[in-house]
> 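What follows is a structure written as structure tokens; I'll ask about it next.
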Amino acid sequence: MLTASVVTYHTSLPEISAVLDCALQSPVDKLYIIDNSRNDALRILERRSPKIRYIHNANIGYGGAHNLAIREAMELGAKYHIVLNPDIRFSQGTIESLMSYMDAYEDVGQVMPKVFYPDGRLQYLCKMVPTPMDLIFKRFLPGRLTRKRLRKFQLQFTGYDKSMNVPYLSGCFMFFRMSVLQEIGLFDERFFMYPEDIDITRRIHERYKTIFYPKASIVHVHAAASKTDLRMLRIHMVNMVRYFNKWGWFFDVRRRKINKQLLKELNCND
């Protein structure tokens with residue numbers, strides 16, 4: 001069984017409809033809509049397909065909401081689960097390709113396809129385990145001072161044209177092996193939003209492969225709300241502080257080891 005979940009917060013009907021169309025035309029057997037909105041206006045979406053299960057609840061955050069769906073999916077016996085952003089689009093065959101890859105490599109706990117903007121530009125969403133400079137301090141520095149570091153952090157030098165075992169994969173589209181989540185745990189609900197993808201990929205990566213698979217691709221609209229909305233920026237910063245409080249700020253031995261091994265595998269001497 002393959003399940004998927006989308007978390008919404010006052011998401012417009014056209015936006016959520018687009019990703020639902022993609023999912024319902026794929027092999028997804030059960031599609032959860034976890035609605036953190038103040039009203040249940042999106043409940044009407046249940047009428048679109050018997051595959052859809054709508055859950056309206058208090059705003060418990062991105063990871064916490066997805067955990068509601070993942071726990072139910074585990075009870076149903078799902079083999080794989082996909083975490084989808086509402087602003088994701090993909091064509092027929094994408095999910096099948098990722099499923100085939102996961103079926104072939106049982107040491108892979110998570111996989112992410114190549115991600116594009118709607119205009120065809122590549123999104124650099126494969127990253128090293130971040131330092132405070134990568135996630136917090138760089139926001140307050142001019143781009144000319146951080147450009148070289150960003151290129152390395154986002155692994156831009158690889159060309160994104162080959163499969164890579166990456167310790168930080170974007171949360172916009174996360175394809176999980178359920179048996180691995182049962183082993184390492186679900187999203188850490190201490191993070192309301194933003195670093196939950198870093199945390200869960202890192203935990204999986206320490207025991208299994210977390211793969212970027214460029215033979216499959218999706219489109220991500222990517223509004224980057226925290227760059228334009230002061231409230232979202234505050235949420236971003238608070239949760240990044242929580243992330244580094246958990247894993248370590250400047251003396252994270254495991255981070256250093258993981259990143260060193262990654263760059264060695266990618267033959268990066270920079």
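Just so it is clear, the model here is predicted, and its values are computed rather than measured. Just so you know, these numbers use all the heavy atoms, side chains as well, and skip hydrogens, waters and symmetry mates.
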> Could you check whether the rings of F175 and Y80 sit parallel, tilted or perpendicular, using 30° and 60° as the cut-offs?
tilted
> So do the side chains of I60 and L68 get within less than 4.5 Å of each other, counting heavy atoms only?
yes
> Tell me, do M1 and M178 make a side-chain contact under 4.5 Å, heavy atoms counted?
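No, side chains not in contact.
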> If the plane angle is over 60° it's perpendicular, under 30° parallel, otherwise tilted; pick one for F212 and Y160.
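Correct class here is perpendicular.
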> Could you point out which residue of T158, V166, V115 forms a side chain to side chain contact (heavy atoms under 4.5 Å, CB included) with C126?
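It is V166, the one option of T158, V166, V115 that forms the side chain to side chain contact (heavy atoms under 4.5 Å, CB included) with C126.
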> Could you tell me if R121 sits above the aromatic ring of Y117, with its cationic atom closer than 6.0 Å to the ring centre and no more than 45 degrees from the axis?
yes
> How many angstroms lie between CG in L181 and CD1 in I70, if you round to the nearest 0.5 Å?
5.5 Å
> Please determine whether the number of non-hydrogen atoms from other residues, nucleotides or ligands lying under 6.0 Å from atom NZ of K215 exceeds 12.
no
> When rounded to the nearest 0.5 angstrom, what is the spacing between CG in D35 and CG in D40?
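The CG atom of D40 is 7.5 Å from CG of D35, to the nearest 0.5 Å.
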> Would you name the heavy atoms of V7 and P86 that are closest together and state the gap between them?
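Nearest pair, atom of V7 first, then P86: O-CG, 3.3 Å.
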> State, yes or no, whether a side-chain contact exists between M164 and I211 at a heavy-atom distance under 4.5 Å.
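No; the side chains remain at least 4.5 Å from each other.
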> When you measure from the side chain of N39 to the backbone of A41, do you find a donor-acceptor pair of N or O atoms at a distance under 3.5 Å?
yes
> Could you tell me whether E75 and K30 have a side-chain N and a carboxylate O separated by less than 4.0 Å?
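No.
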> So that I can tick it off, tell me whether R203 and D199 are bridged by a salt bridge, with the cut-off set at under 4.0 angstrom between side-chain N and carboxylate O.
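So D199 pairs with R203 through a salt bridge.
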> Do R202 and W247 meet the cation-pi criteria used here (NZ or CZ under 6.0 Å from the six-membered ring centre, within 45° of the axis)?
yes
> Kindly say whether F90 contributes a backbone atom to a donor-acceptor pair with the side chain of T94 at under 3.5 angstrom?
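No.
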> Would you kindly say whether E196 and Y243 are connected by a side-chain donor-acceptor distance under 3.5 Å?
no
> Provide the closest heavy-atom pair for L84 versus A4 in the form atom of the first, atom of the second, distance.
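Closest approach of L84 to A4, heavy atoms only: CD1-CB, 4.2 Å.
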> Side chains of L45 and L20: closer than 4.5 Å at any heavy-atom pair?
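Answer yes - side chains close enough.
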> Going by heavy atoms in the side chains, are V180 and Q110 under 4.5 Å from each other?
no
> In Å, rounded to the nearest 0.5 Å, how long is the span from CE of M193 to CZ of F191?
14.0 Å
> Given the rule in the side chain to side chain donor-acceptor pair (under 3.5 Å) test, do E189 and N67 qualify, once you have shown the distances and angles that lead to the verdict?
CA-CA 9 Å; E189 297 185 18; N67 282 348; 2.9 Å; yes
> Same cluster or not: are F244 and F250 linked, directly or through other Ile, Leu, Val, Met, Phe, Trp or Tyr residues, by side-chain heavy atoms under 4.5 angstrom apart?
yes
> Looking at D188 and K246, is any side-chain nitrogen of the basic one under 4.0 Å from a carboxylate oxygen of the acidic one?
yes
> Over all heavy atoms of both residues, which pair between R89 and C22 is shortest? Give the atoms and the distance, please.
CA-SG, 3.9 Å
> Can any side-chain N or O of T201 pair as donor or acceptor with the backbone N or O of Y168 at less than 3.5 Å?
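No; zero donor-acceptor contacts below 3.5 Å.
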> Salt bridge check: are K79 and D103 linked by an N-O gap of less than 4.0 Å?
yes
> Please tell me if the side chains of I198 and L135 come closer than 4.5 Å, counting only heavy atoms from C-beta onward.
yes
> Could you walk me through whether L155 and M128 pass the side chain to side chain contact (heavy atoms under 4.5 Å, CB included) test, one step at a time?
CA-CA 7 Å; L155 308 178; M128 301 168 64; 3.8 Å; yes
> From the options V111, D197, L98, select the one residue that forms a side chain to side chain contact (heavy atoms under 4.5 Å, CB included) with F173.
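Exactly one pass, corresponding to L98.
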> Which heavy atom in S217 sits nearest to a heavy atom in F116, and how many Å separate them?
CB-CE1, 3.7 Å
> Please check: side-chain N/O of T11 versus main-chain N/O of T8, any donor-acceptor pairing under 3.5 Å?
no
> Stepwise, does the side chain to side chain contact (heavy atoms under 4.5 Å, CB included) test hold for M133 with R149?
CA-CA 9 Å; M133 173 62 77; R149 183 184 185 94; 3.3 Å; yes
> Taking side chain as C-beta onward, heavy atoms only, is Y9 less than 4.5 Å from N59?
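A side-chain contact exists here, since the closest heavy-atom pair is under 4.5 Å.
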> For I200 and I184: C-alpha separation, side-chain torsions, deciding distance, then whether side chain to side chain contact (heavy atoms under 4.5 Å, CB included) applies.
CA-CA 8 Å; I200 199 168; I184 66 100; 4.1 Å; yes
> Within a 6.0 Å radius of atom NZ on K209, are there more than 12 heavy atoms belonging to other residues, nucleotides or ligands?
no
> Output the distance between atom CD1 (I235) and atom OH (Y194), rounded to the nearest 0.5 Å.
7.0 Å
> Could you tell me whether E106 atom CD has more than 12 heavy atoms of other residues or ligands within 6.0 Å of it?
no
> For residues S5 and H66, report the shortest heavy-atom separation together with the two atoms involved.
OG-ND1, 2.7 Å
> Measure up the Y32 and H81 rings against each other and bin them: parallel (under 30°), tilted (30 to 60°), perpendicular (over 60°).
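The arrangement is tilted - the two ring planes meet at 30° to 60°.
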> Between the side chains of E46 and R53, is the shortest nitrogen-to-carboxylate-oxygen separation below 4.0 Å, so that they form an ion pair?
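Salt bridge: no.
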> Using the ring of each side chain (for Trp, its six-membered ring), is F187 parallel, tilted or perpendicular to F176, with breaks at 30° and 60°?
perpendicular
> Report yes or no: do W249 and V238 belong to one cluster of Ile/Leu/Val/Met/Phe/Trp/Tyr joined by side chain heavy-atom distances under 4.5 Å?
no
> Quick check on the hydrophobic clustering: are L122 and V219 connected, directly or via other members, by side-chain heavy-atom contacts under 4.5 Å?
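L122 does not cluster with V219.
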> Report the C-alpha separation of Y208 and V108 in whole Å, then their side-chain angles, then the decisive distance to 0.1 Å, and conclude whether the side chain to side chain contact (heavy atoms under 4.5 Å, CB included) test is met.
CA-CA 6 Å; Y208 297 88; V108 175; over 6 Å; no
> Please report the closest heavy-atom contact between N259 and P167, naming both atoms and the distance.
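In this case the closest contact between N259 and P167 is OD1-CG, 4.5 Å.
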> Indicate whether any N or O donor in one side chain lies under 3.5 Å from an N or O acceptor in the other, for Y62 and N239.
no
> Could you measure the distance from the CD1 atom of I44 to the CZ atom of R47? Nearest 0.5 Å is fine.
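Interatomic distance, I44 CD1 to R47 CZ, rounded to 0.5 Å: 4.5 Å.
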> Aromatic contact between Y101 and Y105, with the criterion being ring centroids under 6.0 Å apart: yes or no?
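Yes; Y105 has its ring centre under 6.0 Å from that of Y101.
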> Find out whether I55 and I33 are in side-chain contact, i.e. whether some heavy atom of one side chain is under 4.5 Å from a heavy atom of the other.
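No - every pair of side-chain heavy atoms lies 4.5 Å or more apart.
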> Rounded to the nearest 0.5 Å, what's the gap from CD on E183 to CD1 on I204? Could you check?
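Taking CD in E183 and CD1 in I204, the distance rounds to 10.0 Å.
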